[in-house]
Every structure is written in structure tokens, then in C-alpha cells.
Number of protein chains: 2
Amino acid sequence: MPDRNPLDEAVVERLDEHDLRYTSGRRLLVRGLRSATGPVTLPELLDLEPDLPQSSAYRNLALLEEAGIVRRLVHDASDHARFELAEPLTGHHHHLICESCGVMVDIVLDDDIEHALDRSLESMAASEGFSLRHHNIDLFGTCADCRA
Amino acid sequence: MPDRNPLDEAVVERLDEHDLRYTSGRRLLVRGLRSATGPVTLPELLDLEPDLPQSSAYRNLALLEEAGIVRRLVHDASDHARFELAEPLTGHHHHLICESCGVMVDIVLDDDIEHALDRSLESMAASEGFSLRHHNIDLFGTCADCRA
DNA sequence: TTTACTGCAAAGGGTTTGCAACATG
DNA sequence: CATGTTGCAAACCCTTTGCAGTAAA
């Protein structure tokens with residue numbers, strides 16, 4: 001098995017834990033997701049990797065999500081779900097979303113803001129009786145192209 | 001028209017601006033949304049207000065959204081969209097979501113955290129060429145009932 | 001009385017699944 | 001070879017819409 005890189009290693013490890021094989025279709029999915037600059041819809045993914053049949057792509061994205069390799073997102077303005085590689089493989093980040101064209105871009109906040117926020121969110125959750133697992137921040141606005 | 005309260009006044013004002021009437025079905029929707037402790041799905045709303053027919057409820061929620069009275073949310077874990085009264089009528093807030101049962105609860109953050117965050121998010125957006133309109137924070141965890 | 005609105009039933013459309021053939025380890 | 005996986009096509013299910021009748025201002 002040539003061409004192994006750190007991301008593939010991590011993917012294979014998670015696949016093994018779930019008795020899943022790293023088939024050619026799953027390789028294409030991972031390659032397509034990695035080549036994107038943010039979460040992509042299924043049509044966008046099929047456009048990046050045209051050899052993927054739709055039903056297998058959906059089926060494998062669901063399996064990869066269960067294995068902790070993929071994260072599925074839904075965004076109010078789009079009919080399609082969006083997919084990205086999971087944070088353990090890519091690092092904690094948030095999303096900037098253009099309300100005009102729907103494009104989604106990854107962003108990373110300063111550590112000190114993240115920490116201050118974590119503390120505040122933790123206490124809010126506790127006061128409602130929740131145990132907190134993680135948080136999302138979505139920023140909505142208009143991208144440079146759509147304002148041009 | 002008796003029984004007007006401040007919320008109804010604000011609703012009527014927005015309806016008028018959009019040439020929409022405050023019909024009995026729309027009153028039931030607003031009453032149902034107001035009685036909930038967080039965003040609700042359509043089945044939940046029909047359960048709160050059983051006299052609402054499904055198609056009219058969906059149709060009116062869409063119109064009320066256009067009029068700035070209702071906000072529609074989609075949440076990864078649920079097949080159904082969720083609806084709440086829009087922030088101009090209720091105030092800025094975020095959501096705490098139970099990953100086990102799907103329930104959504106409104107929360108309000110401290111002003112100083114909101115302001116620090118606003119500044120940070122604004123500069124992130126600007127560095128990507130976006131003009132920022134608003135932000136969402138979703139907290140995911142497990143509610144007290146589901147941990148019991 | 002004009003125009004918006006209602007509710008039923010049927011269609012729409014992204015996503016999921018049954019099944020028989022195929023690949024992987 | 002035993003078991004996971006594929007891809008087509010059909011089903012699913014939340015949501016939307018056409019239409020003929022009704023209610024609001």
C-alpha cells in the first residue's frame with residue numbers, strides 16, 4: 001500500500017477500529033474532502049471526484065462519519081448537507097458562511113478567545129444541567145465576490 | 001382586536017409592512033412558538049397547537065420568516081427543521097442542544113464575552129474579505145434527563 | 001368586495017435502502 | 001473463501017405547491 005501520508009494513517013486507524021476497509025471509493029472521498037477549502041455539498045464532491053456514484057458516496061460518508069473520519073453539517077440556507085474531515089484529523093475550527101452564494105470557509109480563532117469562551121460556555125451549560133461536549137460557531141455575512 | 005400585548009404589537013407591525021394579515025392560524029403559530037422554551041420542530045408545534053393543519057403551518061412559518069417574525073433553524077441531529085421567534089422580538093441568544101434527545105434550549109451569554117467575541121469574529125471575517133452580519137453559537141452536550 | 005388566506009391532496013427533491021454482483025483481506 | 005462493499009433503481013419522508021373554496025380588512 002504505497003502513498004501513505006499522515007492523514008491516511010489516521011484514517012486507516014479509525015477504519016480498522018470499525019472493521020471498515022479503505023476501498024478506492026473511500027480514498028476518493030477523503031481526497032476530495034481534503035482538497036476543499038471548507039465543507040462541501042455532495043454535488044460539489046461529485047464534481048471534485050466524478051468517479052464517485054451518488055448512492056455509494058452518501059453511504060460511505062455516513063460510515064466515515066460513524067468512524068469519526070467525516071463530519072456532516074447542515075446549514076440553513078442550503079438544501080444540501082455539507083461534509084468535511086472531522087476535527088481530530090484537521091484541528092478545531094469554525095465556519096464563515098456567505099449568505100448570498102452559500103460558500104463555507106474554515107476559520108481558526110485565537111487561543112485566548114477560545115479559552116475564555118470555553119469557560120463561559122461551560123458554566124452556561126452547567127447552569128442548565130447539561131454536560132458539554134463541544135461547540136460550533138457559525139459566522140454569517142457576505143463574501144468579497146458577492147459584494148463586488 | 002382585544003388581548004394585544006407587546007409581542008403581538010411587534011408582530012402586527014411587521015405583518016403590516018409585508019401586507020400580511022394576522023389570521024387565526026398565524027396567531028396560533030405565534031402562541032405556540034412563544035410558549036416553547038427553545039426552537040421547536042413542526043410536529044412539536046402541531047402538538048402544542050393541534051388545530052394547525054400541517055401545510056398551512058409550513059406555509060405560514062415561511063411567510064413569517066420572510067417578515068422577520070420567525071427564524072428557521074436546521075440542526076444536524078434532527079430530520080426536522082426547528083422554528084423560533086426572531087431575535088428582534090426575543091433578544092440575542094444561543095442554543096444548547098442535547099445530542100441524545102435533540103432538545104434545544106435558549107441561553108444568553110454575558111455581555112463582556114459577547115463583546116470580546118464580536119471583536120474577534122469581526123476581524124476574522126474581515127481577514128477573509130467577508131462583511132459580517134451575525135453569528136450563531138451552538139453548544140452540544142447531554143441534558144440532565146438523558147444522563148439520569 | 002377585493003385580495004389574501006386556507007386546507008386537502010399530490011408532487012418535489014435530497015437522501016436512504018433492497019438487492020444481486022463484486023472486491024477485499 | 002468469508003465478509004464487506006458496490007451501484008442501480010426504487011422507496012422514503014420532510015417539505016412545498018396547485019387549486020377551489022373561504023375569511024380578513
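Everything quoted here is computed from the prediction, not taken from an experiment. Numbers restart at 1 for each chain; the letters A, B, ... are given by sequence-line order, proteins then strands.
For the OP1/OP2 pair of D/dT16 and a distance below 4.0 Å, the side-chain nitrogens and oxygens of B/Arg72 include at least one atom meeting the criterion. Between A/Arg26 and the phosphate of D/dT5, there is a side-chain N or O to OP1/OP2 separation shorter than 4.0 Å. Taking 4.0 angstrom as the limit, B/Asn60 places a side-chain polar atom (N or O) nearer than this to OP1 or OP2 of C/dT6.
With sequence neighbours left out, B/Glu122 forms a side-chain hydrogen bond (donor to acceptor under 3.5 Å, both in side chains) with no residue at all. Scanning for ring-ring contact (aromatic ring centres under 6.0 Å, His included) contacts around B/His93 gives B/His95, with sequence neighbours left out. Applying the side-chain hydrogen bond (donor to acceptor under 3.5 Å, both in side chains) criterion to A/Thr142, with sequence neighbours excluded, gives B/Arg133. Applying the ring-ring contact (aromatic ring centres under 6.0 Å, His included) criterion to A/His92, with sequence neighbours excluded, gives A/His94, A/His135.
Atom CG of A/Leu61 and atom C1' of C/dT17 are 16 Å apart (whole Å). Separating the CG atom of A/Leu63 from the C1' atom of D/dG4 is a distance of 10 Å, rounded to the nearest angstrom. Whole-Å rounding puts the A/Asp79 CG to C/dT16 P distance at 14 Å. B/Leu29 has its CG atom 10 Å from the P atom of C/dG7, to the nearest Å. Taking atom CG of residue B/Leu15 and atom C1' of nucleotide D/dA25, one finds them 13 Å apart after rounding to whole Å. In this structure, NE2 of A/His80 is placed 19 Å from P of D/dC14, rounded to the nearest angstrom. Look at NE2 on B/His18: it is 18 Å from C1' on C/dT3, rounded to the nearest Å. One can place CZ of A/Arg27 at 9 Å from P of C/dT24, the figure rounded to the nearest angstrom.
B/His75 approaches B/Gly102 most closely through the heavy-atom pair CE1-O, 4.1 Å.
Using a 4.0 Å heavy-atom criterion, one finds that B/Ala81 contacts the sugar-phosphate atoms exclusively.
Counting only residues at least two apart or in different chains, salt bridge (charged side-chain N to carboxylate O under 4.0 Å, His left out) contacts with residues 32-59 of chain B comprise B/Arg31-B/Glu49, B/Glu44-B/Arg82.
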List the atom pairs, donor and acceptor, that lie under 3.5 Å between side-chain atoms in residues 60-69 of chain A and the rest of the protein, sequence neighbours left out.
| unit_1 | atom_1 | unit_2 | atom_2 | d |
| --- | --- | --- | --- | --- |
| A/Asn60 | OD1 | A/Arg26 | NE | 2.8 |
| A/Asn60 | OD1 | A/Arg26 | NH2 | 3.1 |
| A/Asn60 | ND2 | A/Ser56 | O | 3.3 |

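Grouping Ile, Leu, Val, Met, Phe, Trp and Tyr by side-chain contacts under 4.5 Å, direct or through others, leaves B/Val108 on its own.
Contact check of residues 39-55 of chain A against DNA chain C (heavy atom, cut-off under 4.0 Å) returns A/Gln54, A/Ser55.
Considering only heavy atoms from C-beta on, A/Tyr22 comes within 4.5 Å of A/Val30 through its side chain.
Comparing A/Gly25 and B/Ser56 along DNA chain D, the residue whose closest nucleotide (by nearest heavy atom) sits nearer the 5' end is A/Gly25.
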For nucleotides 22-24 of chain D, list the nitrogen or oxygen atoms of the protein found under 3.5 Å from its nitrogen or oxygen atoms, one pair per line.
| unit_1 | atom_1 | unit_2 | atom_2 | d |
| --- | --- | --- | --- | --- |
| D/dA24 | N3 | B/Arg21 | NH1 | 3.4 |

